[in-house]
Amino acid sequence: MTDFLRDLNDVQRSAVTATEGPVMVLAGAGSGKTRVITYRIAHLIRNNGVTPYNILALTFTNKAAGEMRHRIDKLLQSGSASGLWIGTFHSVFARLLRSYIHLIGYDRNFSIFDSDDSKSLIRQSMNELGITNDSLPVNAVQSIISKAKNSFILPSEFQSRPGDYNQQKAAKVYELYTRKLRENNALDFDDLLIKPLELFRAHEAVLGELQETFRYILIDEYQDTNRAQYLAAKMLGAKHRNIFVVGDDAQSIYSWRGADISNILNFQDDYQDSLTFKLVENYRSTGTILQAANSVIRNNHRQIKKELISNRSAGEPVTLIEAYNERQEGEKVAEHIRSMRQKDGHDYSGFAVFYRTNAQSRVLEDVMRQNRIPYRIFGSVSFYKRKEIKDAVAYLRFIVNERDNESLLRIINFPPRKIGDVSIAKLKEYAVLQDSSLYDAIRNAAEGGFQQRLVNALESFSSVIEKLKELSEYGSVYDVLSELYSLTAIPAQLQAENTAESLARYDNLQELLSMARDFSDHNPDSSSLGDFLENISLASDYDETRESDNYVSLMTVHASKGLEFPVVFITGMEERLFPLNTYEQDELEEERRLFYVAMTRAQEKIFLSWARSRYQYGQPQQCLRSMFVTEIDASIVRTESGELISGRSSSERASSSGTATSRGFQSKAPSPQSGIQTPRQESKSASKGFRAGAMVHHALFGPGMILEVHGSGSGQKVKIRFRTAGDKTLMVQYANLRIVS
DNA sequence: GCAGTTGTGCTTTTT
DNA sequence: GCACAACTGC
């Protein structure tokens with residue numbers, strides 16, 4: 001037994017050493033969750049002699065995985081953790097699929113489609129089925145399909161389920177989309193989770209082999225797992241049953257992408273013989289911050305009760321900043337940062353500014369720049385989503401997987417080769433006729449009876465591809481990419497254009513090139529083009545943090561999970577922004593958890609800010625202060641001038657903290673000053689409750705909010721913003737709307 | 001075939 | 001107030 005276990009408190013140590021059988025750790029924010037996972041892995045390897053190769057640790061982000069690996073290496077002598085399976089569900093499963101996917105009819109060189117690729121394929125499918133975007137928006141279909149996949153409902157089953165008209169149409173799209181993915185030899189993000197399940201179901205021997213390999217399974221952020229992830233963990237752990245999950249139901253903020261909070265709430269029922277440990281001692285935040293966080297989360301009903309206990313002093317109260325508009329909000333944030341930096345000697349890196357939606361970042365960014373405060377925005381436009389990067393990556397992807405038509409269509413006429421839509425349509429026809437892939441059709445174009453000009457253009461394209469393909473057989477990723485740059489002259493073109501924008505793009509391409517070089521250097525044994533692409537596909541901008549630099553961090557609340565900062569600003573504390581438009585109690589509770597996550601990032605000091613007016617869609621909107629502000633114990637909230645917050649009567653507090661039935665803030669709607677509650681107040685028609693701002697329910701489109709009311713009587717129309725179906729204008733007499741509030 | 005323009009629809013959050 | 005899809009005119 002090694003003495004590193006002395007670094008742990010009693011509960012942590014018990015959780016670390018309970019190595020056999022199912023274990024759940026409920027780890028409150030800042031309670032040493034990562035420490036427990038990393039020490040447990042180190043303990044298994046060092047003290048129990050478990051081979052790293054037999055341990056599987058699954059995380060939610062690449063960053064978390066990287067950090068854990070780093071910490072484990074530090075606990076053990078570096079190198080002795082090699083062979084350990086640690087990574088995100090997506091990356092570990094992608095790796096498994098490379099070995100086994102041929103068993104379920106895919107080629108191991110499959111492409112990984114990002115959500116844009118997948119959207120484009122869904123759009124194609126809808127076109128072929130004659131479903132217009134107007135009748136059913138692509139985005140809605142994409143989200144329906146993704147939800148189905150995350151719940152491990154396959155197309156056949158989805159089709160046979162009863163559902164409304166839209167669901168039926170979506171089911172058809174789902175079926176065709178799945179076929180198209182297969183044609184492209186491609187997987188979307190969700191497939192990375194469900195293809196393993198299909199594989200396990202069809203090939204028990206493979207499952208058995210993997211069950212034998214993964215003697216110990218650890219899952220981080222268990223509250224964010226979806227049904228597919230839950231099933232995968234259950235299947236893989238069924239033999240040895242050493243399944244160890246860590247999470248915090250109060251920090252579950254991803255239900256919108258299929259995370260199922262029941263997974264953690266029901267763990268004890270699933271594994272009746274499991275042990276549970278609760279970590280509630282918080283090492284991060286002051287007593288006041290935890291008091292604030294506890295007092296807010298207490299308003300949620302669906303939760304496992306636990307209150308964080310600080311082992312630090314009370315600290316400073318929460319400061320509430322009220323601004324005239326979002327510009328002034330930013331100015332005030334900047335001013336506080338400047339003065340605190342002088343007074344308390346914080347580095348810029350000690351400050352973080354959070355917002356609920358990305359759209360809010362622009363103004364904050366402007367203000368930071370004007371005030372000469374160094375800042376960094378996390379996760380705005382991803383590097384990998386930039387056009388020039390996507391183009392270059394599409395070439396690489398196509399070289400690896402020549403069935404990847406998404407990539408092919410992206411590059412066939414870029415740079416311009418005079419191959420337009422008409423030619424492509426002809427080619428597609430020819431491919432169908434020949435029953436060949438699109439690329440085979442291109443290679444056989446000479447026999448296709450096309451115009452000589454087109455044949456020449458196609459040949460010049462395929463010769464580039466063939467050259468690169470050959471090079472990729474023996475050359476490094478770097479070699480392939482630089483040859484690509486010279487053959488297509490894409491960077492040269494950008495350089496020649498010589499505008500600020502084109503030069504920035506040129507720089508991005510150079511950056512990609514140096515990433516390729518780094519990749520080959522750091523992964524000498526697995527540095528194939530395919531590996532590089534997999535890395536890129538599953539990477540996000542949130543992964544990199546340059547600790548050493550001194551800047552203020554700007555990010556969404558979601559992106560802040562897992563991080564900590566001495567001083568935290570939570571901006572946009574307004575109704576309908578934070579909490580964002582919510583229609584149901586569950587959604588409001590998720591917003592509240594999100595706010596809880598934001599607050600518990602702070603070590604010393606929290607500022608909350610809100611603006612009385614804010615631009616939305618280029619239009620100024622009146623705003624109301626968020627109900628969440630009122631939920632914090634009033635005794636620990638001060639205004640900027642140091643007064644207790646005022647202007648809230650106790651009755652108002654009572655009504656805004658909400659009951660299960662009144663859905664919280666909406667009960668305040670009729671108050672005369674509540675400007676934003678009725679976006680178009682001028683609408684005169686208040687009859688039958690069809691007024692702007694009212695919540696309604698439509699049999700097909702689900703819940704929505706009335707934006708505008710036109711006319712009255714039998715000709716009355718209402719414009720409604722639906723949660724999933726978008727904005728629609730409907731005739732009241734046919735729409736059969738149910739008024740919810 | 002292509003560039004430039006108009007139109008639309010949207011903004012939650014990401015592997 | 002933006003990004004991107006669809007359209008138009010050369």
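Quick note on labels: first sequence line is chain A, next is B, and so on, each numbered from 1. Keep in mind the model is a prediction, meaning the values are calculated, not measured.
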- So with a 6.0 Å cut-off around CZ of A:Arg410, is the heavy-atom count from everything else above 12?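 Yes, because the 6.0 Å sphere around CZ of A:Arg410 holds more than 12 heavy atoms from other groups.
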
- Message: With a 6.0 Å cut-off (strictly less than), is the heavy-atom count around CD of A:Glu128, excluding the residue itself, greater than 12?
- Response: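 Yes, the 6.0 Å shell around CD holds more than 12 heavy atoms from other groups.
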
- Within-4.5 Å side-chain heavy-atom neighbours: A:Phe60 and A:Tyr254: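 Sidechains of A:Tyr254 and A:Phe60: in contact.
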
What is the distance, rounded to the nearest whole Å, between atom [atom1] of [X] and atom [atom2] of [N]?
| X | N | atom1 | atom2 | result |
| --- | --- | --- | --- | --- |
| A:Leu580 | B:dT13 | CG | C1' | 9 Å |
| A:Asp421 | C:dC7 | CG | P | 12 Å |
| A:Arg227 | B:dT15 | CZ | P | 24 Å |
| A:Asn150 | B:dT14 | CG | P | 16 Å |
| A:Asp191 | B:dT15 | CG | P | 18 Å |

Using a 4.0 Å heavy-atom cut-off across all strands, classify [X] as base, sugar-phosphate, or nothing.
| X | value |
| --- | --- |
| A:Asp114 | nothing |
| A:Val557 | nothing |
| A:Phe60 | sugar-phosphate |

I want to check one thing: is the phosphate of [N], taken as OP1 and OP2, less than 4.0 Å away from some side-chain N or O of [X]?
| X | N | value |
| --- | --- | --- |
| A:Thr556 | B:dT14 | yes |
| A:Asn139 | B:dT11 | yes |
| A:Asn358 | B:dT13 | yes |
| A:Asn581 | B:dT11 | no |
| A:Ser423 | B:dG1 | yes |

- Task: Please say whether the positively charged group of A:Arg592, taken as NZ for Lys or CZ for Arg, lies over the ring of A:Tyr596, i.e. under 6.0 angstrom from the six-membered ring centre and within 45 degrees of the axis.
- Result: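 Verdict for A:Tyr596: no cation-pi partner in A:Arg592.
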
- Task: Assign each of A:Leu594 and A:Val422 to its nearest nucleotide of DNA chain B by heavy atoms, then name whichever residue's nucleotide is nearer the 5' end.
- Result: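 Closest to the 5' end, via its nearest nucleotide, is A:Val422.
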
- Item | Residue whose nearest DNA chain B nucleotide is more 5′ - A:His90 or A:Arg453 |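 Going by which nucleotide is closer to the 5' end, it is A:Arg453.
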
- With ring centroids as reference points, do A:Tyr430 and A:Phe450 lie under 6.0 angstrom apart?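 When the ring centroids of A:Tyr430 and A:Phe450 are compared, they turn out to be within the sub-6.0 Å range.
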
- Under the 5.5 Å and 30° test, is A:Tyr254 stacked on the base of B:dT14?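 Given the distance and angle limits, no, they do not stack.
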
